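These notes concern the structure reproduced below.
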There are 2 protein chains.
Amino acid sequence: MTTRTQKTTRDLRWHNRADLLTRLYLGECTNRNDLASTSGLSAATISNVVSDLIADGLVGENGSQSSAGGRPRSLLRVLPDFGYVVGVDIAETAIRVGLFDWTLEPIAEEVRSVATAQVPPQKVADQILSEIAAVTARVGITPAGLLGVGVGVPGAGGAVIHAPTLGWSAVPLAGLLRDGLGFAPEVDNGAMALGQAEVWRGAARGSERAVTLLLGIGAGGALSMAAGPGGRARSFTLEWGHTVVDLDGPTCRCGARGCLETYIGAEAILARYAATRGSTPFATEGVVEQLTELVDRAVQHREPAARTVLDTTAGYLGAGISNLINLVAPDRVIISGWAGALLCQALLPAIRLIARRHALPYLFELARIEPGELGHTSGTLGAATLPVARLLADGGRRGPG
Amino acid sequence: MTTRTQKTTRDLRWHNRADLLTRLYLGECTNRNDLASTSGLSAATISNVVSDLIADGLVGENGSQSSAGGRPRSLLRVLPDFGYVVGVDIAETAIRVGLFDWTLEPIAEEVRSVATAQVPPQKVADQILSEIAAVTARVGITPAGLLGVGVGVPGAGGAVIHAPTLGWSAVPLAGLLRDGLGFAPEVDNGAMALGQAEVWRGAARGSERAVTLLLGIGAGGALSMAAGPGGRARSFTLEWGHTVVDLDGPTCRCGARGCLETYIGAEAILARYAATRGSTPFATEGVVEQLTELVDRAVQHREPAARTVLDTTAGYLGAGISNLINLVAPDRVIISGWAGALLCQALLPAIRLIARRHALPYLFELARIEPGELGHTSGTLGAATLPVARLLADGGRRGPG
DNA sequence: CTTCTTATTCCAAGACGTGATTGAACTCTC
DNA sequence: GAGAGTTCAATCACGTCTTGGAATAAGAAG
């Protein structure tokens with residue numbers, strides 16, 4: 001509590017600049033008039049700040065929009081070529097690196113399959129650095145020319161990473177990467193980053209308070225709170241998968257017993273199916289393929305054993321979601337991740353039903369449960385929002401770090 | 001997202017004023033030098049703002065503190081007689097109204113026993129108004145002379161109250177009270193209000209992110225987040241008691257099955273004891289007395305049946321707490337409420353042990369589990385923080401509403 | 001071409017925080 | 001006990017900011 005925001009009149013300008021830039025970036029406003037009315041600033045100030053933004057190459061004028069019989073409004077637009085950002089997704093089975101322009105349009109991608117849990121952190125860092133080098137080389141820039149790099153990890157973010165999924169405990173990933181990049185990347189929880197992406201571009205647009213769930217082998221989550229009056233947007237990680245569902249349940253890889261992850265994690269679902277009478281062996285290898293097949297058997301072929309396993313899964317998912325609804329009162333619950341997409345396909349109505357049964361009615365009414373909308377690039381896209389968010393908060397001050 | 005904070009230079013002044021006032025109020029700073037160094041503002045500004053605060057009667061100079069061989073610092077102190085606030089606690093068995101000066105020193109209290117769940121909201125409101133009238137009369141003021149009124153309810157706050165405990169659904173309590181008071185009170189969740197009180201004055205002092213649990217017949221909770229760089233303090237309610245612990249558990253009064261409240265609520269504990277072999281009838285009537293007796297039997301008389309029931313309770317409490325730790329990563333977990341106090345007395349080490357077993361280690365390390373420190377006035381005290389918090393955020397602009 | 005309407009920019013005024021300077025209050029040393 | 005040194009507090013000139021209103025730009029309607 002030593003330093004604070006907003007002291008001098010100059011900071012005021014940066015504050016307003018960040019505000020206006022964010023509105024333009026998110027598409028809430030497209031002209032100076034909108035900016036004036038929604039921000040509460042005077043037209044004069046809008047004019048000043050916008051011309052600064054234009055001078056700095058962040059924003060451009062792009063045609064005009066005729067108004068009721070007067071001078072037309074000139075349309076303002078965030079300029080994509082202001083710079084590039086990189087999003088790194090440390091997933092369970094691969095490291096994905098995506099290059100985006102700062103409006104989050106995808107430019108290039110590198111994917112390398114790695115069982116990340118079995119590789120030492122230094123190796124992971126090296127892998128990431130080489131992918132970043134590859135992906136930036138394609139547009140002829142160096143990492144130093146990036147606006148920033150964001151890394152999404154399946155665990156707690158910050159200077160030191162804890163990720164039970166990867167067996168990481170206090171790994172200084174940001175430090176390892178800084179040495180190779182020349183500046184510090186923003187490392188944070190992948191579900192949190194994804195949540196921001198869903199709020200900006202996906203199923204949580206317009207949400208004040210969204211929970212994003214990331215289902216795969218593990219089950220992560222995050223809460224994204226919009227900037228209310230008098231406060232910045234904030235988000236934080238929910239280690240939802242390691243919530244206890246049954247005091248005497250099976251032992252989780254985190255060491256505790258009865259974690260939700262041991263019921264709704266992809267491997268847990270498959271194990272439950274394998275242990276069921278009436279199950280038949282899969283034709284494929286790999287969790288992703290097998291879960292796909294399981295869902296297929298339940299949905300297409302109406303196989304009772306598969307159906308039962310999925311119904312049980314829906315029960316746990318629904319209850320787990322209702323707990324989140326009761327705890328954080330979200331207005332949106334986004335189910336994402338590869339397993340999330342598969343399960344939604346088969347179980348969304350069932351999940352909603354069960355969640356309704358367990359959540360407090362007035363809280364359930366607030367919460368819309370929806371599948372994620374960002375598809376298979378969601379991981380890198382989410383990670384890429386991290387440096388962009390910082391850039392916006394800074395009003396577009398260039399340069400990483 | 002239409003209006004925003006901080007536009008003009010005048011707002012800047014109010015912002016700084018609120019900042020400095022808050023620091024003085026919370027005792028973080030006691031002189032102009034402290035203010036300058038911790039706030040980052042220049043001595044000149046401190047001087048200006050402080051003289052405004054003094055002129056408005058919020059702050060006074062109170063002696064001096066010698067410094068290393070120079071002019072002594074004059075000590076600054078928030079003046080209690082700036083005004084009064086009222087805190088109203090709508091508890092399970094009573095309505096308590098406390099009158100405090102704005103530094104939260106208790107002045108007077110009114111308690112009326114009411115089974116609040118069995119009284120229509122309008123009656124509750126009338127009851128509150130008459131108690132407020134009584135308590136203010138004792139210092140010779142009228143409600144209109146108050147700085148504000150805060151009301152803590154066992155449910156969701158805002159203009160419309162949902163409180164399963166009371167059977168309230170969409171009750172416009174603030175509106176009902178406004179008609180009698182002449183201004184709108186601040187109605188919010190009691191656990192949330194209590195959390196703020198624990199952060200300001202109790203076991204959560206210095207916490208960045210505290211979870212406060214309110215245990216009684218029901219089990220409420222709240223998360224209080226300190227003002228980080230770039231954001232105001234925020235808190236929200238956690239309907240922790242209605243978190244599902246067992247999909248097939250007993251039916252809760254909220255309608256769902258297996259809520260935590262049906263395991264750790266005071267009545268549930270007593271019921272579990274009554275159903276145990278080896279239990280003997282209580283000598284007393286009433287939940288509070290009976291739970292006291294139960295704890296006494298377990299601790300003083302080492303009665304096995306009582307011990308077993310409490311151990312089971314500790315298991316659920318510990319698991320429920322570990323879930324909160326995993327979800328919101330608090331640095332403090334405060335166990336409060338009358339039942340909380342009793343249970344802590346008997347079970348704190350057991351609860352800690354079980355929570356450690358289920359929480360992720362790096363998150364458990366962050367979280368200190370402590371009993372609440374505010375005693376039996378905590379409910380009204382918590383409620384009283386609501387108007388004070390608003391007052392501080394406004395930099396001390398007088399007048400309710 | 002003129003007038004009307006709406007968008008944007010220009011300008012003077014008012015407010016704020018800052019750094020430097022001045023004044024105030026106390027301690028220490030000679 | 002007087003003067004030097006030190007630390008705290010208030011004042012002032014300066015640069016920056018937002019604002020409201022006036023002025024200008026740009027198209028529509030007549």
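Keep in mind it's a predicted model, so treat the numbers as computed, not measured. Every chain is numbered from 1 and lettered A, B, ... according to where its sequence line falls, protein lines coming before strand lines.
As a whole-Å value, the separation of B:I46 CD1 from C:dG17 C1' is 11 Å. As a whole-Å value, the separation of B:L12 CG from C:dA15 C1' is 10 Å. Between the CD atom of A:E61 and the C1' atom of C:dA7 there is a distance of 11 Å, rounded to whole Å. Rounded to an integer number of Å, the gap from B:I54 CD1 to D:dA9 C1' is 11 Å. A:W14 has its CH2 atom 14 Å from the C1' atom of D:dT16, to the nearest Å. Rounded to whole angstrom, the span from the CG atom of A:L75 across to the P atom of C:dT6 amounts to 18 Å. Nucleotide C:dA7 holds its P atom 10 Å from the CG atom of A:D34, rounded to whole Å. Distance, A:D52 CG to C:dT9 C1': 14 Å, rounded to whole Å.
Using modelled atom types and a 3.5 Å distance limit, the side chains of A:D19 and A:S39 yield no donor-acceptor pair. Side-chain N/O atoms of B:S224 and B:R234 include no donor and acceptor closer than 3.5 Å.
Residue A:F100 qualifies as enclosed at atom CZ: its count of foreign heavy atoms under 6.0 Å is above 12.
When each of A:S64 and A:V49 is assigned the nucleotide of DNA chain D bearing its nearest heavy atom, the one mapping closer to the 5' terminus is A:V49. Ranked by how close their nearest DNA chain C nucleotide is to the 5' end, B:R13 and A:N31 are led by A:N31.
The cationic group of A:R201 lies under 6.0 Å from the six-membered ring centre of A:Y25 and within 45° of the ring axis, placing it in a cation-pi geometry.
Distance from the side chain of A:S74 is smallest to C:dT8 among D:dA10, C:dT8, C:dG19. Which of C:dT18, D:dG20, C:dC16 sits closest to the side chain of B:L41 comes down to C:dT18. The side chain of B:P72 has C:dC26 as its nearest neighbour among C:dC26, D:dA10, D:dC17. Closest contact between the side chain of A:A43 and the listed nucleotides C:dC16, C:dT9, D:dC12 involves C:dT9. When the nucleotides D:dA9, C:dA20, C:dA7 are ranked by their closest atom to the side chain of B:R73, D:dA9 comes out on top.
Phosphate proximity of C:dT18 to A:T8: absent, as no side-chain N or O sits under 4.0 Å from OP1 or OP2. Considering only side-chain N and O atoms, B:S47 lies under 4.0 angstrom from the phosphate OP1 or OP2 of D:dA10. The shortest distance between the side-chain N/O atoms of B:N48 and the OP1/OP2 oxygens of C:dG17 is not below 4.0 Å. For A:T9 and D:dT16, the shortest distance from a side-chain N or O to OP1 or OP2 is not below 4.0 Å. Considering only side-chain N and O atoms, A:R32 lies under 4.0 angstrom from the phosphate OP1 or OP2 of C:dT9. Distances shown here put a side-chain N or O of B:T45 below 4.0 Å from the OP1 or OP2 atom of C:dT18. Regarding contacts with the backbone of C:dA15, a side-chain N or O of B:R10 is found under 4.0 angstrom from either OP1 or OP2.
Checking A:T30, A:N31, A:N33 one by one against A:Q65, the side-chain hydrogen bond (donor to acceptor under 3.5 Å, both in side chains) holds for a single residue, A:N31.
In this structure, the side chains of A:W102 and A:L58 come closer than 4.5 Å at one or more pairs of heavy atoms.
Remark: the A:R71 side chain and the D:dA25 base include a donor-acceptor N/O pair separated by less than 3.5 Å.
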